[in-house]
Amino acid sequence: EFVRTSTNFYTISVHKQDQDGSVTTLKTFLTTTLASAPTETSKPMIVQLKDGSLLVCYFDYVSGTEVNLYSWRSYDQGTTWKQISRRAMDVPISVGSSNYNIENTSLVVSDDSLVLFVSLNRPWSTAYGNECRQYISRDQGASFQYVGGALSETYHMTAAMSLPGGKIG
């Protein structure tokens with residue numbers, strides 16, 4: 001993800017670098033010039049699935065105030081990419097000054113599933129604190145279903161990682 005705030009240029013791309021080699025751009029998923037600096041960025045994520053393929057997911061607007069997850073997959077180490085979903089989440093996330101800010105995302109591979117953690121901030125209310133949501137994909141990133149969430153005032157920008165034995169921490 002690259003944002004040039006002086007010109008409001010915004011791009012999401014994936015690059016490859018061989019050890020001690022030059023950097024090569026493999027795929028540019030999104031390039032645009034925005035009317036103003038973005039208040040919500042796409043939070044791009046990349047993982048290698050159990051079969052060795054690569055999955056890139058990022059948020060993009062599907063309406064004026066709603067974002068959903070776009071998913072792309074490569075079976076050849078990033079040489080070619082296929083879009084597998086433009087609305088991977090069963091319910092989009094409402095963003096903006098009277099909704100949520102997406103602060104942080106983590107996409108974790110666990111056995112044959114993908115688990116997505118999203119940390120949200122409510123800029124319009126301090127009464128409920130931040131929210132952490134969890135989604136699961138059992139179809140290699142084509143769709144994500146909401147599992148549950150937690151409201152709290154005691155965390156900020158949570159992150160998840162894969163642990164030995166298929167566990168997530």
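This one's a predicted model, so the numbers in the text were calculated from it and none came from an experiment.
- Between the side chains of Ser119 and Asn121, not a single donor N or O lies within less than 3.5 Å of an accepting N or O.
- Ion pairing of Asp111 with Lys50 is absent here, as no side-chain N (NZ or NE/NH1/NH2) approaches a carboxylate O to less than 4.0 Å.
- For the atom pair Ile102 CD1 and Asn99 CG, the distance stands at 11.0 Å (nearest 0.5 Å).
- Minimum heavy-atom separation, Ile84 to Ala142: CD1-N, 3.9 Å.
- A pairwise comparison of heavy atoms in Gly78 and Leu54 identifies N-CD1, 3.9 Å as the closest pair.
- Residue Phe59 forms a side chain to side chain contact (heavy atoms under 4.5 Å, CB included) with just one option from Leu69, Val95, Asn68, and that option is Leu69.
- Ring geometry for Tyr58 against Tyr70 counts as parallel: the plane angle stays under 30°, on a 0 to 90° scale with 60° as the upper cut.
- Side-chain contact check for Leu120 versus Ile93: some heavy-atom pair is nearer than 4.5 Å.
- Lys43 NZ to Cys57 SG: the interatomic distance, rounded to the nearest 0.5 Å, is 15.0 Å.
- Between the Ser137 side chain and the Ser143 main chain, a donor and an acceptor come within less than 3.5 Å of each other.
- Counting only heavy atoms from C-beta outward, the side chains of Arg87 and Val62 approach each other to under 4.5 Å.
- Note that Arg133 lies in the cation-pi zone of Tyr100, set by a 6.0 Å cut-off to the ring centre and a 45° limit from the axis.
- Counting only heavy atoms from C-beta outward, the side chains of Leu107 and Leu55 approach each other to under 4.5 Å.
- Distance alone, capped at 3.5 Å, places no donor-acceptor pair between the Gln140 side chain and the Ser113 backbone.
- Between the Thr65 side chain and the Ser94 main chain, no donor and acceptor come within less than 3.5 Å of each other.
- Linking ILVMFWY residues whenever their side-chain heavy atoms come closer than 4.5 Å, directly or via other members, leaves Tyr75 and Trp81 in distinct clusters.
- Phe117 and Val91 fall into different hydrophobic clusters, where Ile, Leu, Val, Met, Phe, Trp and Tyr residues are linked whenever their side-chain heavy atoms come under 4.5 Å apart, directly or through other members.
- Distance check: Ser13 OG to Leu26 CG gives 9.0 Å after rounding to the nearest 0.5 Å.
- Tyr135 and Gln145 are not linked by any side-chain donor-acceptor pair at a separation below 3.5 angstrom, with hydrogens and angles left out of the test.
- Considering every non-hydrogen atom in both Ser71 and Gly141, the closest pair reads OG-O, 2.9 Å.
- Of the possible polar contacts, one joining the Asp76 side chain to the Thr79 backbone as a donor-acceptor pair under 3.5 Å is found.
- Of the N and O atoms on the side chains of Thr11 and Thr31, at least one donor lies less than 3.5 Å from an acceptor on the other residue.
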Audit row: Val109, Leu49, side-chain contact (heavy atoms from CB on, under 4.5 Å) steps and yes/no: CA-CA 7 Å; Val109 177; Leu49 300 175; 4.1 Å; yes
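- No donor-acceptor pair under 3.5 Å is formed between the side chain of Ser42 and the backbone N or O of Pro44.
- Side-chain atoms of Tyr146 come within 3.5 Å of backbone N or O of Gly149 as a donor-acceptor pair.
- In this structure, Leu116 and Met45 have side chains that are in contact, with non-hydrogen atoms separated by less than 4.5 Å.
- A salt bridge between Asp51 and Arg73 is present, with a side-chain N of the basic residue lying under 4.0 Å from a carboxylate O of the acidic one.
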side-chain contact (heavy atoms from CB on, under 4.5 Å) evaluation trace for Arg138 with Leu114
CA-CA 7 Å; Arg138 292 183 176 93; Leu114 291 161; over 6 Å; no
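- Across all their heavy atoms, Gln48 and Gln77 have their closest contact at NE2-NE2, 3.9 Å.
- Going from atom CD1 of Ile12 over to atom OG1 of Thr28 covers 10.0 Å, rounded to the nearest 0.5 Å.
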